[in-house]
2 protein chains.
Amino acid sequence: MRIDAVDFYYLSMPEVLDIGDGSQDLLLVRLQAGPHVGWGECEAAPLVSIASLICPMSHSACKPVIASVLGQTLDTAEDIDRIGDLVRAESADVLQANHTLSGIDIAMWDLLGRRYEEPVYKLLGYERSEPRQPYASVLFGDTAQDTLDKARGIREKGYLAAKFGWGPYGKGSVDEDREQVEAAREGLGPDGIVLVDAGTIWGHDLAAAEARLSALQAVNATWLEEPFVSGALDAYHALAQQSGSVRIAGGEGSHNEDMARQMIDHGGIGFVQIDAGRIGGISPSRRVADYALERGVTYVNHTFTSHLALSASLQPFAGHPAGSICEYPVELKSLAWDMTKDHILSDANGQITIPDGPGLGLTPDLEAAKPYLLDVEIAVGGKVLYRTPELAW
Amino acid sequence: MRIDAVDFYYLSMPEVLDIGDGSQDLLLVRLQAGPHVGWGECEAAPLVSIASLICPMSHSACKPVIASVLGQTLDTAEDIDRIGDLVRAESADVLQANHTLSGIDIAMWDLLGRRYEEPVYKLLGYERSEPRQPYASVLFGDTAQDTLDKARGIREKGYLAAKFGWGPYGKGSVDEDREQVEAAREGLGPDGIVLVDAGTIWGHDLAAAEARLSALQAVNATWLEEPFVSGALDAYHALAQQSGSVRIAGGEGSHNEDMARQMIDHGGIGFVQIDAGRIGGISPSRRVADYALERGVTYVNHTFTSHLALSASLQPFAGHPAGSICEYPVELKSLAWDMTKDHILSDANGQITIPDGPGLGLTPDLEAAKPYLLDVEIAVGGKVLYRTPELAW
């Protein structure tokens, strides 16, 4: 069976705010092979990934991503690997290619799962999908009091774990940051799991991160996430040597498998966080999950968009030890929530599990999505290379 | 003085071939601040970088590159650093941003050079620009005989050094590859400098590269370039431990400073090859040049497009020891050659030097470029976000 069509849809909230909330737009991927369909999502700047899908060829290592996908045979997991390798080889000089490939890879897995009536995690070789402890992923409040209120609200909703990130954290004084993490601990209660995300705010500045360690240790934070940009391996490693009970987390910036491995091998991280919508899809995510498990590093999904993306990002480590934590965004804009008919919800124990339906186990709600769909048109040399296709199946 | 305009121009040969020749299209950047102009070039898929320049914001770390450039003060080298940091922070989630920033950074340096009537290398703090030994950079012939003929022609044109790359190399047998490098040596003569570029053909496959080492040692090749993809640091390091007189070269894939440093620190390379049109411009290239020099790694430009791009890529190491080699493409398509009025040519000793005029020392030939200019239009939600501007100054 061959891939007959690859279609990208740019959906957006009517207004996009200048805040660290990745659920304000999304890039939906529809893949068609014969009578079968698969859906995916790229965690990417939508217009840039559309351009990388359909741009004219520049030379043999700089081709549009679609050139390596359309018409390819897709019957097995090995086909997905082969197509991914082809994209990486032929579009090596298009940096956005891995973002773009991510949604396509996810859609290929979804398509195979629907075709063979198996959840993706079974196609990945996992016997079953273990329940995970979801951590509510939210932005820090503008003040410590706001964060305290948020944390209390999260605990009242039944979440044991919460991650606070971005917002003012790391931009003000060490004392202000201390008040923020103390507020998070107080609101979540003494038995809560407190996670803190610095959102790469300190770049390569080891001293700035070191200055925050004592407060994080005092509130018994489980991790400090992304103190630095992904490439700052030396700073990651140095911080990890002295962070004690607070482990260092990172990896969402990995847009290929090598980057994630380097953070494990040379960055000293305790948790590796992978976004299947960015690293190239479920396939490389799965390989990183195996690599991390062998080395005693805990694999965690990174997800900040729809539940379709959430399901995709949970599949690669579906069979890892039960009860480990997973990211669960709880401040989704309506677009990201409306994107799927069904949702991944906590059970009576406060845990979540990947849906057991075929493929990703969730289906996009096309009618609900339509109001968010943007008309895009790209023309080069008088020829229309992209025009938003009809959103239907 | 503030940046009033940033304009991108997509130029292309009428026909783009599926070969490893990066001179078939280019993305020209024009930057305007008050009465001053600066020109740059991105080594990028042009349409994708245009999209990253003007895409709608997705969230606070995923903004169009232009948002961090337009209206910014540009009076000093520190302003260029500040603008680059802003782009990296605010467009961190647009992978193509560093490609896009590259041309803008180059144009900022060119503008300051023109404004203060100084060559860029003087603004970078170099007293003078040292002559370099250009190596003719060409593709391997389809057969060893073709390569022999190419190598003889190169030597007859007065080049002492030549780099052969891509084409069939690494795709066939070890014996065929041996014949290719023997042909390069024979054609170039016993005193010629033979460089071999595998173009990442072996991915992460250490054994495939090891199998080619003895032939490279036998012909006394100076380097083996890009045996692996840029992220395969372990394979690079392992190969470098056994390559003896043949040094390992790499780094053109670096799209940020961290990647280049990692290849130096963890990859064991002897030559680091940086494309100022990809790594983020002249600014990060200069920092990598300093880093390499301190560690005994030889910095070399990577250039496969116009002489504007060549000048930009030579500036970051202008003051490094005289006589070291530099890349010099000699199979340019007419677009890349026609792009500038003047060219960087060998002197009586067969060496080249950065032109001494203000800025990059070269001016785009807008009349000659016009026939190559492509009309591009990008509309999102009924609003035109990009339309090819008039190519004029």
Side-chain angles (χ1 to χ4, degrees), chain A residues 10 12 16-22 24-25 43-48 50-52 54-63 85 88-89 92-96 98-99 166 199-200 203 229-234 253 255-259 261-262 265-266 374-382 385, chain B residues 10 12 16-22 24-25 43-48 50-52 54-63 85 88-89 92-96 98-99 166 199-200 203 229-234 253 255-259 261-262 265-266 374-382 385:
Chain A
Y10 183 170
S12 178
V16 173
L17 305 175
D18 189 0
I19 57 174
D21 173 0
Q24 304 184 83
D25 64 12
E43 169 56 24
L47 184 68
V48 186
I50 291 172
S52 77
I54 53 82
C55 63
M57 171 170 70
S58 288
H59 54 77
S60 59
C62 193
K63 293 179 187 170
D85 286 345
R88 283 181 283 269
D93 280 2
V94 185
L95 290 191
Q96 197 73 16
N98 271 313
H99 268 188
W166 299 72
T200 77
V229 296
S230 296
L233 297 180
D234 291 347
H255 51 83
N256 60 54
E257 214 178 311
D258 284 323
M259 285 181 72
R261 287 174 191 258
Q262 286 162 19
D265 292 342
H266 301 294
L374 288 178
D375 282 323
V376 176
E377 185 171 308
I378 301 176
V380 176
L385 297 183
Chain B
Y10 182 170
S12 178
V16 172
L17 305 175
D18 189 1
I19 57 174
D21 173 1
Q24 303 184 83
D25 64 12
E43 169 57 24
L47 184 68
V48 187
I50 290 172
S52 77
I54 53 82
C55 63
M57 172 170 71
S58 288
H59 55 76
S60 59
C62 193
K63 294 180 186 170
D85 286 345
R88 283 181 283 269
D93 280 1
V94 185
L95 291 191
Q96 197 73 14
N98 271 313
H99 268 187
W166 299 72
T200 76
V229 296
S230 297
L233 296 180
D234 291 347
H255 50 84
N256 59 54
E257 214 177 312
D258 285 322
M259 286 180 71
R261 287 174 192 259
Q262 286 162 18
D265 292 343
H266 301 295
L374 288 178
D375 282 323
V376 176
E377 186 170 307
I378 301 177
V380 176
L385 298 183

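Numbered from 1 within each chain, the chains take letters A, B, ... in sequence-line order.
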Shortest non-hydrogen contact from [X] to [Y]?
X	Y	result
Val94(B)	Ala45(A)	CG2-CB, 4.0 Å
Ser58(B)	Pro46(A)	OG-CD, 3.4 Å
Met57(A)	Asp18(B)	CE-N, 3.7 Å
Ser52(B)	Val48(A)	CA-CG2, 3.6 Å
Pro56(B)	Leu47(A)	CD-CD2, 4.1 Å
Leu95(A)	Gln96(B)	N-OE1, 3.1 Å

[X] versus chain B, heavy atoms under 4.5 Å apart: side chain, backbone, both or neither?
X	answer
Met259(A)	neither
Asp85(A)	neither
Asp93(A)	both
Ala379(A)	both
Gln262(A)	side chain
Ile378(A)	both

>> Test of understanding: with salt bridge (Lys or Arg N to Asp or Glu O under 4.0 Å), list the residues that count as partners of Asp375(B), not counting sequence neighbours.
In response: none
> salt bridge (Lys or Arg N to Asp or Glu O under 4.0 Å) with Asp234(A): which residues, sequence neighbours excluded?
Replying inline: none
Look at [options] and state which one has the largest set of heavy-atom pairs under 4.5 Å with chain B.
options	result
Ala92(A), Ala61(A), Gly22(A), Gly253(A)	Gly22(A)
Val229(A), Val380(A), Ile54(A), Leu374(A)	Val380(A)
Glu43(A), Gln24(A), His59(A)	His59(A)

> Should the pair His255(A) and His255(B) be assigned to parallel (<30°), tilted (30 to 60°) or perpendicular (>60°) ring geometry?
Replying inline: tilted
> If you tally heavy-atom pairs under 4.5 Å against chain A, which of Gly231(B), Ala51(B), Ser60(B) wins?
Replying inline: Ser60(B)
> Tell me, do Leu233(A) and Arg261(B) make a side-chain contact under 4.5 Å, heavy atoms counted?
Replying inline: no
